[in-house]
Amino acid sequence: MNAKEFVKLWKSEINSIISSYQDKNEQTVVSELIQKLGLTPNQEDTFWEIAKIMLDETAYAFLLGLDGCAQLGGEQQHFKLYDERGVLISSSGDIEAAAYETFFEKRT
């Protein structure tokens, strides 16, 4: 696994989480609270767009922290990430570049 693949897994997980919350057949605490809001279809579309952006930006911040390019909880350190075979996933900066491309370049 490399940095791009690692970041794409994060993005895929976010998409999966959003889809499960949007699924009217899924009964989660989040989906029940959203239903209580009584949003119109336009308001619901806006809500989901906001939720996606918030999750993307949160994941981006965490990924930059793991890459040593930003703080996590007020501390900035360089971390080494290895896959299950013990292979280094990225050198410093690889995750940052892949995360920006995945989370922001396609948005503009």
Side-chain angles (χ1 to χ4, degrees):
M1 177 181 303
N2 62 32
K4 276 190 173 189
E5 294 165 332
F6 182 73
V7 169
K8 285 183 183 193
L9 290 174
W10 281 64
K11 181 63 175 167
S12 176
E13 189 63 27
I14 288 170
N15 292 342
S16 176
I17 290 167
I18 291 287
S19 291
S20 73
Y21 290 154
Q22 288 176 313
D23 185 345
K24 303 288 187 206
N25 296 318
E26 291 279 331
Q27 293 301 314
T28 67
V29 173
V30 172
S31 62
E32 289 174 11
L33 288 171
I34 292 167
Q35 287 177 2
K36 283 183 181 181
L37 293 173
L39 302 174
T40 66
N42 284 343
Q43 290 171 324
E44 194 171 322
D45 289 344
T46 300
F47 173 87
W48 288 117
E49 187 61 29
I50 292 167
K52 289 174 189 175
I53 290 169
M54 288 173 60
L55 287 172
D56 281 353
E57 289 181 357
T58 301
Y60 181 74
F62 285 148
L63 288 165
L64 264 59
L66 288 173
D67 205 31
C69 300
Q71 293 183 0
L72 285 175
E75 288 190 35
Q76 187 167 347
Q77 298 183 34
H78 291 279
F79 296 93
K80 291 185 179 182
L81 298 173
Y82 297 88
D83 67 14
E84 62 186 19
R85 296 176 313 218
V87 176
L88 185 65
I89 291 175
S90 76
S91 343
S92 184
D94 291 346
I95 291 176
E96 177 186 20
Y100 183 82
E101 179 183 327
T102 300
F103 288 98
F104 295 113
E105 279 189 356
K106 293 172 178 70
R107 196 188 302 169
T108 57

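Each residue takes its place number in the sequence, starting with 1.
- Using bins of under 30°, 30° to 60° and over 60° for the plane-to-plane angle, the ring pair W48/Y21 lands in the parallel bin.
- Among the candidates V87, I89, D67, the single residue satisfying the side-chain contact (heavy atoms from CB on, under 4.5 Å) test with L81 is I89.
- Between K52 atom NZ and I17 atom CD1 the span is 13.0 Å, to the nearest 0.5 Å.
- A salt bridge links K11 to D56: at least one charged side-chain nitrogen sits closer than 4.0 Å to a carboxylate oxygen.
- Around CD of E32, the count of heavy atoms belonging to other residues, nucleotides or ligands within 6.0 Å exceeds 12.
- Contact annotation: the side chain of V7 never approaches that of E101 to less than 4.5 Å [non-hydrogen atoms, C-beta and beyond].
- Residues G65 and L72 share a closest heavy-atom pair of CA-CG, 3.6 Å.
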- Mind running side chain to side chain contact (heavy atoms under 4.5 Å, CB included) on L88 and K80 for me, showing each step along the way? CA-CA 7 Å; L88 185 65; K80 291 185 179 182; 4.1 Å; yes
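- Across all their heavy atoms, E26 and S20 have their closest contact at CB-O, 3.4 Å.
- With values rounded to the nearest 0.5 angstrom, F103 atom CZ is found 13.0 Å from I53 atom CD1.
- Smallest separation of non-hydrogen atoms from A3 and S90: CB-CB, 3.7 Å.
- Between L9 and M1, the shortest heavy-atom contact is CD1-CE, 3.5 Å.
- A distance of 7.5 Å separates CD1 of I14 from OG1 of T58, quoted to the nearest 0.5 Å.
- The backbone N or O of N15 sits less than 3.5 Å from a side-chain atom of S19, completing a donor-acceptor pair.
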- Would you please test L63 and F6 for side chain to side chain contact (heavy atoms under 4.5 Å, CB included) and show each step? CA-CA 10 Å; L63 288 165; F6 182 73; 3.7 Å; yes
- Show your reasoning for whether side chain to side chain contact (heavy atoms under 4.5 Å, CB included) applies to V30 and I34. CA-CA 6 Å; V30 172; I34 292 167; 3.7 Å; yes
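- Counting heavy-atom neighbours within 6.0 Å of F62 CZ, excluding the residue itself, gives a total of 12 or less.
- Hydrophobic clustering keeps Y82 apart from L66 (ILVMFWY residues linked when any side-chain heavy atoms are closer than 4.5 Å, directly or through intermediates).
- The distance from atom OG of S31 to atom NZ of K36, rounded to the nearest 0.5 Å, is 11.0 Å.
- Using a 4.5 Å cut-off on side-chain heavy atoms (C-beta onward), V29 and L33 make contact.
- No side-chain heavy atom of T102 sits under 4.5 Å from any side-chain heavy atom of W10.
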